[in-house]
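Order of listing sets the numbers, starting from 1, for every ligand and every atom in it.
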Amino acid sequence: MKIKSLLSPLLLIMLMVSCSKENNISDPANGENLVSDLISKMTLDEKIGQMMQVERSAITNYPQDITNYFIGSILSGGGSAPSNNNVAAWADMYDNFQSFALKTRLKIPMIYGIDAVHGNNNLYGATIFPHNIGLGATGNFNLVYDVERATAEEVAATGIDWTFAPCIAVPQNERWGRTYEGFGETADLVKQMGQSAVQGFQTGTLGSTSTSILACAKHFLGDGGTKDGHDQGDVQISESEIRRIHLPGYDYAAKAGVGSVMVSFSSINGQKMHGSYHWITDVLKGELNFKGFVVSDWGGIDQLPGDYKTKVETAINAGIDMIMLPYDYKTFFATVKQLVSEKRIPEGRIDEAVKRILTAKVQLGLFERPFTDRSLISKVGSAEHRSIARSAVRQSLVLLKNDNSFLPLKKNASKVLVVGKAADDIGTQCGGWTISWQGSEGKTTIGTTILEAVRKALPVTTQVAYSLDGTGASGFDYAIVVVGEKPYAEGNGDRSDLSLSAADQTIISRMKSSGIPFVTVLISGRPMILGSVLNDSNALLAAWLFGTEADGVADILFGDYKPTGKLPYSWPRSMSQIPINSGDPNYDPLFAFGFGLTY
Ligand code: BGC
Ligand code: BGC
């Protein structure tokens with residue numbers, strides 16, 4: 001991610017010879033020395049600065065505050081992009097922030113974090129990969145590694161060093177609006193996928209390449225297990241169940257050397273995770289031997305009980321190392337200073353936090369390469385990455401029904417109808433966390449829609465017509481009908497009813513009455529209640545939130561590839577069956593976990 005040195009080869013050799021013993025900080029022992037040396041020199045103010053992560057738009061006295069408050073980390077929240085949303089503008093912004101961090105007395109670089117949760121999804125023109133639910137359906141760990149390695153390259157091209165991913169939630173209840181951010185409903189699937197994702201982002205060992213970015217396993221712990229699937233809610237199960245379902249992913253991520261872990265907004269049996277010494281310090285840092293640093297979630301400490309001072313005290317003493325501060329870092333800064341002077345937070349705790357943060361920065365190579373490597377610009381949305389995404393898309397599709405081998409569709413048809421607004425909508429097929437936090441319908445970024453992919457896949461002699469609502473469907477050989485959920489993120493996606501919308505159901509009944517055979521492609525962040533849609537369709541394909549590369553959908557529809565995707569979530573018959581998960585007593589879903597037809 002960092003600038004290429006302009007040193008002449010000779011100078012470089014001389015430098016290498018003279019520095020190799022003492023100063024080569026990529027050497028772990030020297031890295032440790034650098035960290036302890038820095039900590040021994042740092043003032044309390046400088047240490048508190050390292051523990052702060054400020055939202056880019058919240059830096060009031062910009063850019064001087066980066067230097068004055070020793071701000072150790074900056075983030076972009078969902079959709080928080082520079083006004084020109086292109087890779088050069090992101091890199092300029094990053095380098096500018098960095099230059100002010102390097103103006104501090106000890107010249108400690110800042111680390112910049114972003115939610116690159118399905119590609120570098122805030123960046124216009126980036127390759128958007130399927131959300132984790134789709135990656136889970138592929139069951140392909142090597143593919144996940146490749147997807148995240150490519151994502152890391154597109155992140156590094158903007159200068160950014162750190163992604164708040166992978167989400168290794170194990171969602172147990174499809175009502176939850178973040179179901180799509182999880183790889184699936186079983187600990188086994190999630191822990192393996194999560195581990196590959198961590199390795200992909202960090203490209204093996206953290207800092208081993210210039211496009212290695214820091215991964216962040218989230219949200220610790222139990223985010224996917226809240227009662228009724230309420231976002232940020234309360235997990236009401238025993239510690240042994242929590243360990244069985246929700247903990248293994250963190251064990252695997254820690255073993256893969258994950259650089260950071262984000263704490264969950266949710267609670268366990270009434271106790272907020274942001275205040276849990278037991279889980280953060282005893283279990284994560286102790287038992288699991290996690291060596292990276294712990295970051296809080298967006299304003300997460302504000303939800304703790306007590307006055308502000310007490311909240312800060314509780315969170316830091318629980319073991320949170322870096323605090324995500326979306327709005328007010330000044331009050332936080334002053335509050336920590338007071339708490340340390342009153343000995344309510346031991347200095348040793350501050351040192352431990354700073355040590356973990358600096359160690360990650362050293363491992364990442366930030367001290368050696370603090371600025372953006374502009375040569376990576378061509379990686380963003382590149383043909384190579386789009387082809388990885390297309391392959392991910394076709395492996396992620398799950399064929400749920402295929403009466404009389406209706407699929408693959410014949411390419412030699414004379415008239416084909418494509419139906420539904422979602423068939424020609426980049427924003428819908430990408431879902432939440434795409435360009436904006438919530439995502440939105442419409443042409444939000446560069447990519448290929450299903451309609452476009454179908455047109456490309458069919459010979460010019462085939463006439464392809466498009467109907468938004470299924471009217472006018474007569475005289476066609478067959479139809480491809482695309483329906484599903486509109487974009488959402490986090491709590492805005494919580495639902496008590498997962499039936500298809502009335503408009504979508506009308507489209508399907510209209511198609512049924514037309515007598516034209518059709519395949520329904522469902523774009524959704526989770527299993528939905530299918531009702532009569534299943535019977536009415538000749539074939540049904542779950543496409544999840546597959547991202548920008550709809551050619552992967554056409555690959556399956558027309559039989560260039562056979563479907564291999566398997567359900568990462570049990571498919572419920574009705575709302576009253578939810579929660580339903582693999583291994584439940586009397587397990588009787590509409591389609592079981594792992595189900596998926598092929599040709
Ligand atoms: C930000 C998101 C963040 C959310 C938390 C939004 O304004 O853009 O990144 O997750 O707030 O509520
Ligand atoms: C979300 C996190 C995200 C953070 C920063 C929070 O609201 O829960 O998943 O990483 O915002 O955008």
Check Trp437 against ligand 2 and report side chain, backbone, both or neither, counting heavy atoms closer than 4.0 Å. neither
Just by distance, no angles: are the side chains of Trp298 and Glu55 close enough, under 3.5 Å, to form a donor-acceptor pair? no
Between CG of Asp188 and CD1 of Ile245, what distance do you get to the nearest 0.5 Å? 12.0 Å
Residue [X] vicinity, atoms of ligand 2 by number, heavy atom under 4.0 Å:
X: Met262; value: 2 (C), 10 (O)
X: Phe164; value: 10 (O)
X: Asp297; value: 1 (C), 2 (C), 3 (C), 4 (C), 6 (C), 7 (O), 8 (O), 11 (O)
X: Lys218; value: 2 (C), 3 (C), 9 (O), 10 (O)

Determine the sole option in Phe546, Tyr488, Trp544 for which the ring-ring contact (aromatic ring centres under 6.0 Å, His included) test with Tyr180 is passed. Tyr488
N/O of [X] under 3.5 Å from N/O of ligand 2, yes or no?
X: Trp433; result: no
X: Trp298; result: no
X: Arg178; result: yes

Is any side-chain heavy atom of Asp297 closer than 4.5 Å to one of Val263? no
What verdict does the side chain to side chain contact (heavy atoms under 4.5 Å, CB included) test give for Tyr112 and Thr158, after you've listed the backbone C-alpha separation in whole Å, the side-chain angles of each residue and the deciding distance to 0.1 Å? CA-CA 10 Å; Tyr112 199 115; Thr158 60; over 6 Å; no
Parallel under 30°, tilted from 30 to 60°, perpendicular over 60°: which one fits the rings of Tyr62 and Phe100? tilted
Heavy atoms only: which of Leu75, Ile114, Asp115, Val117 lies closest to atom 12 (O) of ligand 2? Asp115
Name the one of Val295, Ile168, Val261 that satisfies side-chain contact (heavy atoms from CB on, under 4.5 Å) with Phe220? Val261
Close approach, His219 and ligand 2, non-hydrogen under 4.0 angstrom: yes
